[in-house]
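Let me begin by presenting the structure, written as structure tokens, before commenting on it.
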Amino acid sequence: MGGRYCRKHYCLAVVFTSLTLCVLCFLIYNENIMYERSSKLVENKIFFAVPQVQSLEHPLPSDVCSFHSLSPEDALEWNHMKDSVAWPETPPLPTNFSLHDTSDPAHSTFTILPGNRGGSWHVGDQLEVLVKINDFYGHPKKFGGDFLLARLHNPTLFAGVAGQVLDHQNGSYTAVFPLLWEGNAEVEVILVHPSEAITVLERVTQEQPDRVYFKSIFRSGSVTQTTTCNVCLKAAQQNLCNYTDVRTGEPWFCYKPKKLGCDTRITHAEGGFKQPLKPGEGNLFKRGVNMKVSIRASEISNIDILPKVKGDASPSLNIRPAGYYYQGVWRVIHGTPAKQFNTSTAISQCLKDKVIHLYGDSTIRQWFEYLIESVPGLKKFDLKTLKQSGPFLALDYANNILLTFRCHGPPIRFGTMAASQTRYVANELDSVIGGTGTAVVIGIWTHLSTFPFEVYVRRLLNVRRAVERLLIRAPGTLVIIRTANPKALDLLKTLTDSDWYSLQRDKILRAIFKGVQVQLVDAWEMTIAHYLPHNLHPEPPIIKNMINIILTHLCPPGESFNEATKP
């Protein structure tokens with residue numbers, strides 16, 4: 001080992017007055033700003049100790065610093081799942097391409113097809129919509145690769161369902177929807193990106209995977225230096241500090257300071273963004289023109305759905321959505337029906353005697369914040385940590401509830417945080433006791449969007465292996481995975497967090513955890529189907545439905561909770 005493990009121990013003492021106030025005492029020894037956290041909550045029989053990432057200053061194998069590097073085992077699995085992210089090939093852009101030759105939503109149309117009943121539709125049927133993409137001249141496109149999203153909705157009923165889009169690779173697409181409610185239903189088709197923009201997004205990831213870079217401060221005595229860090233850096237080995245995690249093999253490097261050693265690193269932060277576009281390519285990512293713009297209907301855009309025909313066998317559905325909204329409530333189609341936890345009392349009764357550990361990015365932190373606001377008895381303890389990165393801890397002593405949040409390890413685009421807090425979820429999971437009454441919630445996606453697939457594959461495979469270890473030693477543990485969701489886009493957000501990047505990683509996540517005993521919160525469909533605009537951090541009505549799914553898994557049907565109702 002090139003670095004040293006710093007041994008530090010927190011003393012957690014719980015002393016409650018008549019008002020059940022919690023005092024948490026930390027004794028921190030911090031020689032190198034790298035420490036190992038231990039805490040114990042006797043009442044909940046919880047103990048978790050987090051192993052620390054070490055700093056390495058030894059020669060590196062020649063193939064360690066590569067955005068595409070995978071172990072032989074991981075590379076084999078990645079080869080098996082490549083088809084899940086296959087995208088229709090899009091032609092390269094000519095040097096001086098014209099925007100007018102690219103996909104234009106204003107000149108494109110969709111048409112509702114008659115269906116098997118000749119123009120009438122009933123609950124249980126399937127609706128198909130033909131989409132034809134044209135360029136700015138109105139000429140039909142002759143190849144596929146455009147990124148479309150589709151939704152069927154009824155604003156009056158607060159109903160909505162995501163559609164599945166099939167690419168015929170000739171400029172035409174079919175959007176397919178299940179018909180799930182009686183009444184009116186309106187079709188919405190959105191061009192997220194033209195195929196030409198997908199060409200650019202693929203290219204910049206291959207050519208400039210380091211376009212988002214990071215910084216670390218190194219300090220010893222009065223000497224302070226700042227250097228650039230990333231998953232991989234182009235430099236001679238002797239000029240790099242190697243912070244590759246010894247347990248997971250997750251790579252992380254910083255340029256070595258000229259006057260300081262690698263063990264003097266004290267912070268991690270997002271450093272900045274390099275502009276990766278060639279002249280004229282920015283025109284492919286213009287809001288209101290060709291990015292997240294609705295496509296008009298050639299004729300009608302809505303249908304009336306009649307009641308289900310009794311005794312009539314409905315056509316078999318080609319798609320299996322996760323669920324749909326009706327009266328603003330998310331109704332699960334396949335799986336446990338979501339119960340409604342509409343009051344703080346219902347939520348706290350469900351969480352009673354539970355331990356919930358949340359790991360991931362700000363979209364998971366959003367769930368921590370929602371629960372704190374929804375349950376008055378759940379009090380956040382002041383750990384003196386940063387509002388953006390945490391870690392956070394909350395307790396409801398009266399109901400024996402523990403709630404924690406920790407952000408995932410680098411690359412994470414947060415403000416300046418202690419390097420000692422950049423911990424990998426897989427390592428955190430290995431320190432969870434688990435068992436009945438414990439839930440682990442994980443969400444890792446948006447911060448890895450700018451990197452090649454291999455970086456994300458390695459991260460999730462490490463997490464999956466840790467989940468499998470957890471379920472072996474504590475089979476009663478509930479593990480929940482949050483998927484990606486679409487968001488509002490501008491040029492910068494597109495080049496770092498495009499919905500296309502999110503969709504591709506969402507497919508990888510589902511492939512990696514297929515067959516593992518985990519529950520998914522399908523944030524992708526829950527965001528598309530909802531009437532509210534897309535947002536990186538979905539609006540409260542969507543979050544409420546997501547939390548209801550989590551609570552339903554924690555407190556499944558058959559268990560009685562006051563004010564928790566079926567949809």
Side-chain angles (χ1 to χ4, degrees), residues 84-85 147-153 158-165 175-178 180-181 190 192 317-326 328-341 358-361 363-364 366-367 370 439-446 449 456 460 463-464 467 478-487 499-554 556 567:
S84 67
V85 293
F147 179 21
L148 304 174
L149 293 179
R151 175 176 66 135
L152 191 68
H153 66 112
F158 297 101
V161 65
Q164 178 180 328
V165 178
V176 186
F177 307 91
L180 301 166
W181 63 83
I190 297 174
V192 182
L317 298 179
N318 297 328
I319 61 173
R320 295 171 62 87
Y324 67 104
Y325 289 104
Y326 189 77
V329 173
W330 182 253
R331 299 183 173 224
V332 177
I333 294 178
H334 305 285
T336 304
K339 296 161 64 176
Q340 300 304 298
F341 296 80
L358 308 176
Y359 301 104
D361 54 33
T363 63
I364 291 293
Q366 189 179 15
W367 291 359
Y370 182 92
V440 169
V441 183
I442 304 166
I444 306 173
W445 56 285
T446 188
S449 292
Y456 192 57
L460 288 194
V463 172
R464 189 189 70 188
V467 166
L478 172 64
V479 180
I480 297 173
I481 309 291
R482 184 199 194 279
T483 74
N485 61 263
K487 61 191 75 67
D499 286 351
W500 184 75
Y501 290 140
S502 299
L503 172 65
Q504 296 295 77
R505 278 143 194 83
D506 189 64
K507 293 176 181 178
I508 289 174
L509 182 147
R510 294 170 193 267
I512 287 178
F513 283 97
K514 184 178 181 180
V516 182
Q517 191 179 342
V518 301
Q519 303 294 333
L520 289 184
V521 174
D522 201 320
W524 187 260
E525 287 194 21
M526 295 181 76
T527 303
I528 293 174
H530 205 274
Y531 66 88
L532 287 170
H534 299 169
N535 194 327
L536 172 62
H537 301 106
E539 299 296 331
I542 302 176
I543 295 301
K544 179 182 185 300
N545 278 286
M546 292 177 175
I547 295 297
N548 282 338
I549 293 176
I550 294 175
L551 296 176
T552 298
H553 289 306
L554 270 171

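Interatomic distance, L478 CG to Q517 CD, rounded to the nearest 0.5 Å: 9.0 Å. Between the OG1 atom in T552 and the CH2 atom in W330 there is a gap of 13.5 Å [rounded to 0.5 Å]. Atom CH2 of W524 is separated from atom OG of S502 by 6.0 Å, given to the nearest 0.5 angstrom. In this structure, the separation between CD on Q366 and CD1 on I543 is 3.5 Å, given to the nearest 0.5 Å. Considering CG of N545 and CD1 of I550, their distance stands at 11.5 Å, rounded to 0.5 Å. Put simply, OH on Y325 and CZ on R331 are 13.0 Å apart, with the number rounded to the nearest 0.5 Å.
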Step-by-step side-chain contact (heavy atoms from CB on, under 4.5 Å) determination, I542 to Y531: CA-CA 10 Å; I542 302 176; Y531 66 88; over 6 Å; no
T527 and K487: CA distance, side-chain angles, deciding distance, side chain to side chain donor-acceptor pair (under 3.5 Å) verdict: CA-CA 9 Å; T527 303; K487 61 191 75 67; over 6 Å; no
Pair Y359-V441, side-chain contact (heavy atoms from CB on, under 4.5 Å): steps then yes or no: CA-CA 6 Å; Y359 301 104; V441 183; over 6 Å; no
Intermediate values then yes/no, side-chain contact (heavy atoms from CB on, under 4.5 Å), D522 and R510: CA-CA 10 Å; D522 201 320; R510 294 170 193 267; 2.9 Å; yes
CA sep, side-chain torsions, deciding dist, call: V518, I480, side-chain contact (heavy atoms from CB on, under 4.5 Å): CA-CA 6 Å; V518 301; I480 297 173; over 6 Å; no
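Within the 3.5 Å criterion, the main-chain N or O of N535 finds a donor-acceptor partner in the side chain of N485. At least one donor-acceptor pair closer than 3.5 Å links the side chain of N548 to the backbone N or O of F341.
Proximity of Q340 to V329: side-chain heavy atoms (C-beta onward) are separated by under 4.5 Å at one or more points. Taking the side chain as every heavy atom from C-beta outward, W445 and T483 never approach each other to under 4.5 Å. In this structure, L520 and L509 have side chains that are in contact, with non-hydrogen atoms separated by less than 4.5 Å. Contact of the E525 side chain with the V161 side chain is not registered, since no non-hydrogen atoms from C-beta on lie closer than 4.5 Å. Put simply, the side chain of M546 reaches to within 4.5 Å of the side chain of P538, judged on heavy atoms. Between L536 and T363, the closest side-chain pair of non-hydrogen atoms falls below 4.5 Å. The side-chain heavy atoms of F513 and R464, taken from C-beta on, include a pair separated by under 4.5 Å. In this structure the side chain of L532 reaches within 4.5 angstrom of the side chain of P541, judged on heavy atoms.
The two residues F177 and A162 have their closest heavy-atom pair at CD2-C, 4.4 Å. For H530 against M526, the heavy-atom pair with the smallest separation is CB-O, 3.5 Å. Across A150 and I528, no two heavy atoms sit closer than the pair O-CG2, 3.7 Å. Taking each heavy atom of I333 and P321 in turn, the nearest pair found is CD1-CG, 3.6 Å. Nearest heavy-atom pair across P178 and L152 is O-CD2, 4.2 Å. In terms of heavy-atom proximity, H334 sits nearest to V332 at O-CG1, 3.4 Å.
The ring of F158 has its center no closer than 6.0 angstrom to the ring center of Y326.
In summary, D361 and R482 do not engage in a salt bridge, as defined by a charged side-chain N under 4.0 Å from a carboxylate O.
Among pairs with a residue in residues 538-548, none fulfils salt bridge (Lys or Arg N to Asp or Glu O under 4.0 Å), at least two apart in sequence or across chains.
For T446, the side-chain hydrogen bond (donor to acceptor under 3.5 Å, both in side chains) partners at least two apart in sequence or on another chain are D497. Partners of R505 by side-chain hydrogen bond (donor to acceptor under 3.5 Å, both in side chains), not counting sequence neighbours: none found.
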